[in-house]
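Naming: A, B, ... by sequence-line order, numbering from 1 per chain.
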Amino acid sequence: MKQTQPSIIRTAFTILGTFLILFAFLALIFVFFLKSAGVSADAKRTVDELGRKEVEEVLAQLESMKELPSTTQDTDIVIDITIDVNEIAEATSTEADGTQEDSFTQKYEEWVKQLDENTVKNLDQKEQQDLHAMFEDTIFFGDSMAEAVASYGFLDSSNVFAVRSSTVDVLIEKLPELAKAYPKRVVIFTGLNDCNHYKEIAKYAEDYSRMIDEMRAQIPGVTIVVTSLLPPSDEVGATRPDLARAPQFDQELRVVCQRKNVQYVDSTWIVRQNNYLKDGIHMNRTFYRVWFRYLMVLFG
Amino acid sequence: MKKREIGMARGYFFCLLAFTGVVLLFIMNMLSLVWPARKYSGAERRSLKQKPELSMQALLDGSYTAQVEDYLADQYPARDIWVYLNSLKDRLLGVNYQNGIYKAQDGYLIQEFSVADEKKAEDTGYQLYSFLSKHKEVASYIMLVPTASWVLEDLLPSGAPVADEEEWFQNWCARSGLLGLSNVKIVEPYTYLAKAAKDQQIYYKTDHHWTTYGASVAFEALAGQMGFLFQRDAWDVTAVHEKFQGTLMAGSAFYSGTKDTIELYLPKKEISVLVNYKQEQTKTTSIYSSEGLLGEDPYEVFLGGNFGHIHIQTTSTSKRKLLLLKDSYANAMLGFFLPYFSEIDMIDARYYSGDIESQMAIGNYTDICVLYNMQTFADDSSLSLILKGQSSDQEGGVQ
């Protein structure tokens, strides 16, 4: 017995060893069959080469192809939307301005009336399609306020770049990602997160200016539009002194926009207490319906 | 004496066997505790199970233990090798069918055609009918591409019980009523493909997709219907991957040395494109992706994979605009469309989150093309959803 014992261990090791060698061998075959890279450096270069053109270059190329028809089309659209056909016939150029303003004032008064009476209607199919067409190359950028544009179904998610509960300094970090979409127009819609985040309004203004500068630098030729920072509901405002500062922030925002020569769209007039969601911060669809009708007139 | 020795030797042998077994069991299982967990298996092309979270609820209803079992099986040390060994065993035993995939002649792996639910395609047919009859002014083409299971029928193991794809297709055409619409043409590329298959490879041997050559043959058929001439000599053929092993090899246990070549057909007369991945909010200037080529699935060299909505503008002087409702087969064919259309919107219903009717209103399309392979089309319910105006990706609908 004593003599045979070592041989058991030896045999055990031999078998284990054989097994391991077999295992390693199979592993090698496996690696050879399945992991071998079949892409030569040349092939990769060929494929890379296909996409060597810069997006701006192709955009310019496409633009130049469309130049003639597109300029005439643009003016057509402006006339179509701002002035009724009948009015064109009657009005001289100075009067046209007047009628345009009139029709806007009329619409404005109607919207205010609807808001007060809580009778705002859904966008009809025509409006919905106009909306899509008008904002095809636009991205709504911001926090949950911008996110609602897509989640309420007004526009597609491709028209929205939103980071929930983001503040301006976070949004600055996201600009390179936004730039990849090469939007023609960016509408910035941020909410109360900033009022909570920034202790000092001056710092907020500084960051916001930086965001606008960065955006212009990273997305050449972009049109930036800023829309109001909306206050919280009265109820929430009473208990949250930080959020109650919203009107001051909004005031500062207007100053920033003026200084940076960016279009500011005042949308505070659309806010009604009954259009807040339960949290007293976000707005319901009614707000967005009027907001979009307003934007369509402004950009039409 | 001798007898006794043999008896002892046998005893040792069994001891040893038991000993090796215990060592393997013990060591391998110990190893699996410390073995790093992988998220994805490249060889099998699937995500592997991750460590489940322990909760009282999951423990009580038994789902936790089931999950742990899956997790341990998926994260077993050197799993790829065991899977390979298993396939080796199967091959030695002469198995020729696994997970719906046949090991056919000439090194082809062929996915069998099967229809789980006849209703799905039927419903898609009705939705297509009502959608296309709403847009009578747009010329529409429907091309369902037969899969290898029909075109390469002869290579399947003899007597393989595969559903009749031709019969299914004829039935579908008849039931959908699409033939009755004056603006719709149903393009049948079967005869073209079957003829071409005699000389060249039109399907990958290891993947369920068609080769770019196969796509060019079908495009020839489509181009005839769309009213332009496809000239084969206007294209340069470049091989970009010579050791492609596709999803069929990964999805079955038929690992072998068979490799495919991925080719690109590039137009001799250069054309610039702007590719806008709408939902991903990215723009590029090529429909080919080197990241896709080097990634886990090299077929993704075409567009980098499947995306819900891709908008493509080209420098073509054509006035035609195309809406392409498609699956992954269309990715290999897209290149051929570029010279003939100034704008193409490619919509993959499975990932699309927009509203198709408003897209129609914006797009001003002159042509619509529905391009699927029959297998995907037969199993798909997302196309009928988006045609109905419900998005398959998220809860859509207008406020």
Handout entry: Contacting moiety of A:Leu16, where chain B heavy atoms sit under 4.5 Å
Key = side chain
Practice task
Take A:Phe140 and A:Val186 through the test side chain to side chain contact (heavy atoms under 4.5 Å, CB included) and record every step on the way to the result.
Solution key: CA-CA 6 Å; A:Phe140 290 81; A:Val186 174; over 6 Å; no
Practice task
Please lay out, stage by stage, how B:Thr247 and B:Asp207 fare under the test side-chain hydrogen bond (donor to acceptor under 3.5 Å, both in side chains).
Solution key: CA-CA 5 Å; B:Thr247 47; B:Asp207 198 79; 3.1 Å; yes
Exercise for the section: Find the one option among B:Leu294, B:Thr20, B:Val301 whose heavy-atom pairs under 4.5 Å with chain A are most numerous. Expected result: B:Leu294
Problem - B:His135 side chain reached by B:Met360 side chain, heavy atoms, under 4.5 Å - result: yes
Exercise for the section: Using a cut-off of under 4.5 Å on heavy-atom pairs, state which of B:Thr314, B:Thr261, B:Leu274, B:Ile287 scores highest against chain A. Expected result: B:Leu274
Practice task
Below 4.5 Å from any heavy atom of chain B, which atoms of A:Phe161 appear? Answer side chain, backbone, both or neither.
Solution key: both
Handout entry: Heavy-atom proximity to chain A below 4.5 Å, by part of B:Val275
Key = neither
Exercise for the section: Using the six-membered ring wherever Trp is involved, compare the ring planes of A:Phe189 and A:Phe287 and label them parallel, tilted or perpendicular (cut-offs 30° and 60°). Expected result: tilted
Fill in the blank from the handout: Looking only at B:Ser289, B:Ser290, B:Gly308, most heavy-atom pairs under 4.5 Å shared with chain A are made by B:Ser290
Exercise for the section: Work out which heavy atom in B:Leu303 is nearest to a heavy atom in B:Phe307; give both atom names and the distance. Expected result: O-CE1, 3.4 Å
Problem - Residue B:Thr282 versus chain A: region with a heavy atom under 4.5 Å - result: both
Completion exercise
Given A:Thr46, A:Leu178, A:Asp48, A:Val47, the one with more heavy-atom pairs under 4.5 angstrom with chain B than any other is A:Val47
Handout entry: Heavy-atom proximity to chain A below 4.5 Å, by part of B:Ile262
Key = neither
Exercise for the section: Please state whether the side chain, the backbone, both or neither of A:Ile139 comes within less than 4.5 Å of a heavy atom of chain B. Expected result: side chain
Handout entry: Side chains of A:Thr223 and A:Arg185, donor plus acceptor under 3.5 Å
Key = no
Practice task
Between chain B and each of A:Arg45, A:Gln129, A:Glu57, count heavy-atom pairs under 4.5 Å; write down the option with the most.
Solution key: A:Gln129
Fill in the blank from the handout: On a heavy-atom basis, the closest approach of A:Glu127 and A:Met296 is O-CE, 3.9 Å
Exercise for the section: Using a cut-off of under 4.5 Å on heavy-atom pairs, state which of A:Gln61, A:Glu177, A:Gln125 scores highest against chain B. Expected result: A:Gln61
Handout entry: Portion of B:Glu270 that has a non-hydrogen atom of chain A nearer than 4.5 angstrom
Key = side chain
Exercise for the section: Examine whether an atom of B:Thr206 lies under 4.5 Å from a heavy atom of chain A, and if so say whether it belongs to the side chain, the backbone or both; otherwise answer neither. Expected result: neither
Exercise for the section: Could you verify whether a donor N or O on one side chain and an acceptor N or O on the other, from B:Gln281 and A:Tyr182, lie under 3.5 Å apart? Expected result: no
Problem - Test item: B:Ser32 side-chain N/O and B:Met30 main-chain N/O as donor-acceptor pair under 3.5 Å - result: no
Problem - B:Leu16 portion near chain A, given a 4.5 angstrom heavy-atom threshold - result: side chain
Exercise for the section: May I ask you to test the B:Trp35-B:Tyr76 pair for a side-chain heavy-atom distance under 4.5 Å? Expected result: no
Handout entry: Part of A:Val58 lying under 4.5 Å from any heavy atom of chain B
Key = side chain
Problem - Which portion of A:Asn159 sits near chain B, non-hydrogen atoms under 4.5 angstrom - result: backbone
Handout entry: Under 4.5 Å from a heavy atom of chain A, the part of B:Phe19 involved
Key = side chain
Exercise for the section: Could you pull out the closest heavy-atom pair between B:Gln359 and B:Asp345, with the gap in Å? Expected result: NE2-OD2, 3.5 Å
Exercise for the section: Check each atom of B:Leu17 against the heavy atoms of chain A and say whether the ones under 4.5 Å are side chain, backbone, both or neither. Expected result: neither
Problem - Proximity of A:Phe154 and A:Trp291 rings by center, below 6.0 Å - result: no
